[in-house]
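The structure under discussion appears below in the form of C-alpha cells.
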Amino acid sequence: MTKVSGAAYIADAFQAYGVTHFFHVPVIMPGAMKALIRRGLMPVVTHGEKAAVYMADGYARVSGRVGACGAQAVGAANLAAGLRDPFLAHSPVLAITGGREPLSKYRGLYQEIEDYPLYAEVTKFNAQVDLPERIPDLLRQAFRAATSGAAGPVHLEFSHHAGNTVDAEIDADPTFESTFARVPAFRVPADDQRIQAVIEALAAAERPVIVAGGGVAWSDASRELVRFAERFSIPVATSLNGRGVIPDIHPLALGAVGHYSVESANRAVCAADLVVFIGTSTGGLTTKNWQVPPAGTRVIQIDVNPEELGRNYPNTVAVCGDARTVLEQLLAHGPAPSPARTGWLQQTSEFVTAWQEKMRPLRDSQAVPMRPERLCRDLSDALPEHGIAVFDTGHAAAWAAQGLRITLATQRVIRAHGSLGWAFPAAIGAKCAAPDRPVVCFTGDGGFYYHIAELETAVRYQIPVVIVVNNNASLNQEAYLWGGDPAFAKNWRFERVNFAQVAEAFGCAGFRAERPEEIAPTIRAALMAGRPAVVDVITDDRAISVPGWVPGA
Ligand SMILES: Cc1ncc(C[n+]2csc(CCOP(=O)(O)OP(=O)(O)O)c2C)c(N)n1
Ligand SMILES: [Mg+2]
C-alpha cells in the first residue's frame with residue numbers, strides 16, 4: 001500500500017492502462033487533470049459533452065484501449081446521451097462525472113439533479129464512488145467491465161459536482177491489471193466438440209455465407225477471417241461495424257449486408273443454405289429486420305457473449321469464444337473436407353458484378369451538382385494505405401455501405417452506430433489514438449452541424465483530421481417526409497453555407513469541390529495540409545440511396 005491522492009492514483013491508472021487522452025468539459029477532477037499533464041498524458045477540453053464521448057469512442061475503436069471522457073454534474077446528462085453510440089457498438093468508454101454528496105443532497109444544491117440512473121441503460125457497469133477509499137477497486141472494476149466479454153461503456157460518479165472526492169489522500173495498492181488494458185481482455189477458445197460440429201456443418205453446406213460483424217474488428221481477427229473464408233471457400237458479407245474486415249476487392253467479398261447494404265450481399269445471404277455469423281448481434285440493421293437471411297435458415301453463430309447465441313436465429317451450432325481464437329481453431333483443423341462450391345462462388349461473384357454494373361453510372365457520374373456515389377468513389381481512391389475512414393449515420397451510412405470501397409487490409413472503417421453527428425468528433429478521437437494514420441471523416445452537412453465547434457478543438461490541439469462534408473444543404477434523408485411540398489421546405493432544407501469558409505475562420509484549411517474532377521485533388525490536398533481540413537463537397541439534394549434489397553423486391 002502507498003499513500004497517494006485519489007487524483008494521482010487515477011493518473012497512474014490511466015498511464016498503466018494506456019489511456020493517453022481524457023476528453024471532457026471542465027470542471028471535472030481538476031487535480032487529476034494536473035496529474036495527467038505531469039505524466040505527459042493529455043486532457044482534451046471540448047465544446048460539448050456529447051462530442052467528448054464521441055472522441056473517447058473513436059479513440060477506443062481505433063486503439064482497442066479504453067477511451068475516457070468526463071463532465072461535471074450539470075453536464076452529466078449530456079455525457080450519458082453520448083454513450084448510446086459506444087454502448088450499441090460495444091466500445092469500451094469510461095465516463096467520469098461529478099455527482100451528489102451526502103452532506104448536501106436533497107437540499108437544492110446549485111445545478112443538482114440526480115443523473116446516475118441515466119447511465120444504467122448505456123453502460124455495462126455504473127457505480128457511485130462515495131468515498132475516496134473506493135477509488136482503486138471501483139476504477140479497476142470499471143476497466144475490467146469495459147474490456148472483458150463483449151466490451152462496452154462504464155460510468156463512475158465521484159461525489160461532489162466536480163468529482164473533488166478524488167483530491168483526498170488514500171492508501172492504495174498500485175497494482176494495475178494489464179489484462180484489462182485492451183479489448184479483448186481474454187481470448188476465450190471454443191470447446192473442441194463445437195469446433196468439430198462447425199467443421200461438419202460447413203462440409204455439409206452447399207451455399208454457405210459468412211456475415212462478419214464488429215466483433216471481428218474488436219478481436220483484431222481480419223487476417224484470420226480472410227484465411228478462414230479462403231480455406232473453406234465461403235463468401236463474406238459484413239455488417240456496417242464489420243466494414244473493412246475483408247477488403248472490398250477480395251474475390252470472396254460481398255459487401256455490407258442488411259439495411260444500409262449492397263444488393264449482392266443481401267442476395268447471397270438470402271440464397272445461402274448456411275449462414276455463419278461471426279461477432280455480430282444479428283440485429284435489425286444487419287438483417288434488415290430479420291429478413292436477411294430469412295427465418296428458418298441454418299445458422300452457425302460465433303460470439304464472445306453467450307447471450308447473443310441464437311437470440312434472433314436458432315443456432316444449428318452455437319460457439320462461444322473470441323472471434324480470432326475460434327477462427328484459429330477452425331484453421332488448425334487442416335484442409336476442410338468441403339465441396340469445391342464452384343457453382344456457388346460463381347453465383348455470388350455474379351451478384352457482385354451485377355451490383356457493381358448497376359452502380360457504375362452513378363459512381364462515374366459527371367453530373368453537377370454531384371452524386372454522393374461519385375464522391376464516395378473518389379474518396380475511396382484518395383484514402384491512403386493506412387487511412388481510417390470515419391462515417392456518420394443516416395445517408396452517410398448508406399453511402400458508406402454502397403459507395404466506399406476499402407481496397408487494402410491496412411485500411412480501417414469505423415462508423416456511427418446511429419447518433420447523427422458522431423463521426424466528426426469520433427474522427428478527432430481516432431486521430432488521437434493513431435496520430436500517424438490519416439483520418440478522413442465522411443459526414444452530411446446535417447451531421448456536421450451538431451459538433452462544428454470542435455473544429456476549434458482540432459486546431460487548438462493540432463489534430464489534423466480531414467472532414468469531407470457531403471453538402472446538400474439539407475437533411476436529405478428526411479426529405480421524403482414532406483413530399484416535395486415547398487410549404488415544409490424549412491423542415492429539411494438548410495441555408496447554403498460554405499463550410500470551406502467556416503473552416504478557414506476556425507483556423508483550419510478549407511477546400512471546396514463543386515465539380516467531380518475536383519473531389520480527389522481537394523481530398524488529397526486536405527490530407528497534405530498538415531492541419532485540420534474541411535472539404536466542402538456540393539452534392540445533389542435529389543440523390544437518395546438505394547434501399548436494402550429483400551426477397552421479392
Ligand atoms: C441523434 C439523431 N437524431 C436524428 C436522427 C435521424 N436522422 C438520420 S439521417 C438524418 C438527416 C441527415 O442529414 P445529413 O447529415 O445532412 O445527411 P443527408 O441525409 O442530407 O445526406 C436525420 C435527422 C439520427 N440518426 N440521430
Ligand atoms: Mg445533408
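Order of appearance sets the numbers: ligands from 1, and atoms from 1 within every ligand.
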Inset, instruction - Could you tell me the angle subtended at the Mg ion (ligand 2) by OD1 of Asn472 and O of Ser474, rounded to 10°? - result: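 Approximately 90° at the metal, rounded to tens of degrees.
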
Inset, instruction - Using a 4.0 Å heavy-atom threshold (strictly under), name the region of Asn470 that reaches ligand 1: side chain, backbone, both or neither. - result: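 Under 4.0 Å from ligand 1, Asn470 contributes side-chain atoms alone.
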
Inset, instruction - Determine whether the side chain, the backbone, both or neither of Asp445 has a heavy atom under 4.0 Å from any heavy atom of ligand 1. - result: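 Both backbone and side chain.
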
Inset, instruction - Taking the Mg ion (ligand 2) as the reference point, name the nearest N/O/S atom of Asp445. - result: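 Closest N, O or S atom of Asp445 to the Mg ion (ligand 2): OD1.
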
Legend entry - Check: Ser365 side chain, Pro361 main-chain N or O, donor-acceptor pair, under 3.5 Å: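 Pair absent, no side-chain N/O of Ser365 close to backbone of Pro361.
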
Inset, instruction - Look at the side chain of Arg311 and the backbone N and O of Ser281, then say whether any donor-acceptor pair between them is shorter than 3.5 Å. - result: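 No; zero donor-acceptor contacts below 3.5 Å.
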
Proximal ligand 1 atoms for [X], defined as those under 4.0 Å from one of its heavy atoms:
{"X": "His395", "value": "18 (P), 19 (O), 21 (O)"}
{"X": "Gly394", "value": "9 (S)"}
{"X": "Thr393", "value": "25 (N)"}
{"X": "Asn476", "value": "18 (P), 19 (O), 20 (O)"}

Among protein heavy atoms, which sits nearest to [atom], and what does the distance come to when rounded to 0.1 Å?
{"atom": "atom 6 (C) of ligand 1", "result": "Glu478 OE2, 3.6 Å"}
{"atom": "atom 11 (C) of ligand 1", "result": "Leu475 CD2, 3.6 Å"}
{"atom": "atom 5 (C) of ligand 1", "result": "Leu420 CB, 4.3 Å"}
{"atom": "atom 17 (O) of ligand 1", "result": "Gly444 CA, 3.9 Å"}
{"atom": "atom 14 (P) of ligand 1", "result": "Gly446 N, 3.5 Å"}
{"atom": "atom 25 (N) of ligand 1", "result": "Gly418 O, 3.1 Å"}
{"atom": "atom 15 (O) of ligand 1", "result": "Gly447 N, 2.9 Å"}
{"atom": "atom 9 (S) of ligand 1", "result": "Gln477 OE1, 3.0 Å"}

Inset, instruction - Please state whether the separation between the Mg ion (ligand 2) and some N/O/S atom of Gln477 is under 2.8 Å? - result: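 Gln477 does not place any N, O or S atom closer than 2.8 Å to the Mg ion (ligand 2).
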
Inset, instruction - State yes or no: are the ring centers of Tyr449 and Phe424 separated by less than 6.0 Å? - result: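 No, the ring centres sit 6.0 Å or more apart.
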
Inset, instruction - Give me the ring orientation class for His155 and Tyr116: parallel if the planes are under 30° apart, tilted from 30 to 60°, perpendicular past 60°. - result: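 Because their plane-to-plane angle lies in the 30° to 60° range, the rings of His155 and Tyr116 count as tilted.
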
Legend entry - Val292 and its side-chain contact (heavy atoms from CB on, under 4.5 Å) partner, picked from Val211, Val269, Val275: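 Single side-chain contact (heavy atoms from CB on, under 4.5 Å) partner of Val292 among Val211, Val269, Val275: Val269.
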
Inset, instruction - Please verify whether a non-hydrogen atom of Tyr450 lies at under 4.0 Å from ligand 1. - result: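 Yes.
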
